[in-house]
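The structure displayed is predicted, hence computed values, not measured ones. We name chains A, B, ... by the order of the sequence lines, and we start the count at 1 in each one.
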Amino acid sequence: MDFIHPTTKEIAQNLLGKLLVHKTNTCIYSGFIVETEAYLGIEDMACHSYAGKNTPRLQSMYKIGGTIYVYTMHTHHMLNITTKEPNNPQAVLIRAIEPIEGIEQMAANRQQTGILISNGPGKLTKAMAITKELDGRMINEGALYINQEKSKIPNEIITAPRIGIPNKGDWTLAPLRYYVKGNPFVSGMAKKEVLPPLKIWRNII
DNA sequence: ACTACGATCGACT
DNA sequence: GTCGATCGTAGTT
């Protein structure tokens with residue numbers, strides 16, 4: 001995947017359906033990415049790097065597209081992948097996955113079952129044992145990577161405002177959240193909006 | 001050393 | 001839908 005030349009909005013949408021894999025000493029975890037958010041750098045009031053802000057915790061944001069940016073908040077780890085060239089601090093937040101491999105261990109890590117395993121940004125990192133140890137590393141060059149071959153294509157992508165960013169002017173409602181329509185692992189998905197599996201992913205002929 | 005603040009989660013009405 | 005817990009980070013004394 002190209003994390004440099006497309007826009008961050010395009011990359012956020014391209015990530016939907018990709019099989020995210022985390023290989024640890026004890027387990028292989030994987031799942032399809034079903035929900036992302038774009039953070040557009042120095043102009044984006046909701047972005048950590050707004051107005052060029054830079055601190056030790058933010059350093060990964062300023063690295064080349066494809067760098068893993070993990071930060072903690074409220075005791076939870078958040079997984080991002082940076083985009084664009086160095087010193088252009090944009091990124092995509094991975095908000096939810098549909099578990100595929102290592103589901104039993106994910107359930108144990110989370111002490112939960114079903115959609116509660118990974119229907120939120122803090123939940124999926126706990127399920128897949130993703131920690132700040134990955135911060136600053138490159139995706140696809142180590143333990144965390146995308147398996148292109150096994151990835152899927154969403155039937156339909158829904159665009160919506162990002163979650164949890166009040167009082168950021170126009171950026172509060174900017175449509176920079178993307179998710180796979182009807183997938184039950186999307187955070188906050190209402191039960192009546194869940195679609196049958198055949199209507200979620202594009203059929204391969 | 002002290003304070004304020006979240007890109008959240010889980011429990012509850 | 002609302003609300004409280006909880007703690008690392010960063011900015012200020």
*Between the side chains of Ser60(A) and Thr67(A), does any donor sit under 3.5 Å from an acceptor?*
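Thr67(A) and Ser60(A) do not have a side-chain donor-acceptor pair below 3.5 Å.
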*Do Asn80(A) and Tyr39(A) meet the criterion of a side-chain donor-acceptor pair at a distance under 3.5 Å?*
no
*asked:* Please list, in numerical order, the residues of residues 61-74 of chain A that have a heavy atom closer than 4.0 Å to any atom of DNA chain C.
replied: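 Contacts with DNA chain C under 4.0 Å: Thr72(A), His74(A).
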Counting only side-chain heavy atoms from C-beta out, which of [options] sits nearest to [X]?
| X | options | value |
| --- | --- | --- |
| Thr75(A) | dG11(C), dA7(B), dT6(C) | dT6(C) |
| Ile163(A) | dG8(C), dT8(B), dA7(B) | dT8(B) |
| His76(A) | dC9(B), dT9(C), dC7(C) | dC9(B) |

[N], OP1 or OP2 - any side-chain N/O from [X] closer than 4.0 Å?
| X | N | result |
| --- | --- | --- |
| Lys123(A) | dG10(B) | yes |
| Arg110(A) | dG10(B) | yes |
| Lys126(A) | dG10(B) | no |

_Minimum heavy-atom distance Lys9(A)-Leu176(A), with the two atoms named_ =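 Smallest interatomic distance, heavy atoms only, reads CE-CD2, 3.7 Å.
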_Distance-minimising heavy-atom pair for Ala12(A) and Ala38(A)_ = CB-CB, 4.2 Å
Just the rounded figure in Å: distance from [atom2] of [N] to [atom1] of [X].
| X | N | atom1 | atom2 | result |
| --- | --- | --- | --- | --- |
| Leu58(A) | dC5(B) | CG | P | 18 Å |
| Ile115(A) | dG10(B) | CD1 | C1' | 14 Å |
| Lys53(A) | dA7(B) | NZ | P | 9 Å |
| Gln59(A) | dT9(C) | CD | P | 13 Å |
| Asn119(A) | dA7(B) | CG | C1' | 16 Å |
| His77(A) | dT9(C) | NE2 | P | 10 Å |
| Leu93(A) | dG6(B) | CG | C1' | 14 Å |
| Glu37(A) | dT8(B) | CD | C1' | 12 Å |

_Classify Arg57(A) by what it touches in the nucleic acid, base, sugar-phosphate, or nothing, heavy-atom distance under 4.0 Å._
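Sugar-phosphate contact only - Arg57(A) comes under 4.0 Å of backbone atoms but never of a base.
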*When the ring centroid of Trp171(A) is compared with that of Tyr50(A), is the distance short of 6.0 Å?*
no
*More 5' along DNA chain B: Gln112(A) or Ile165(A), using each one's nearest nucleotide?*
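Counting from the 5' end, the first nearest nucleotide belongs to Ile165(A).
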*asked:* Please determine whether the number of non-hydrogen atoms from other residues, nucleotides or ligands lying under 6.0 Å from atom CD of Glu104(A) exceeds 12.
replied: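 Counting neighbours around CD of Glu104(A), 12 or fewer heavy atoms of other residues, nucleotides or ligands fall under 6.0 Å, so no.
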*Evaluate whether atom CD of Glu85(A) has more than 12 neighbouring non-hydrogen atoms of other residues, nucleotides or ligands under 6.0 angstrom away.*
yes
*Does dA7(B) have a Watson-Crick or wobble partner in any strand here, with both distances under 3.5 angstrom, and which is it?*
none
*Identify the nucleotide, in any strand shown, that forms a Watson-Crick or G-U wobble pair with dT6(C), with both distances under 3.5 Å; if there is none, say none.*
none
*Applying the side-chain contact (heavy atoms from CB on, under 4.5 Å) test to Thr36(A), which of Asn14(A), Val92(A), Ile81(A) qualifies?*
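In the set Asn14(A), Val92(A), Ile81(A), the residue that makes a side-chain contact (heavy atoms from CB on, under 4.5 Å) with Thr36(A) is Val92(A).
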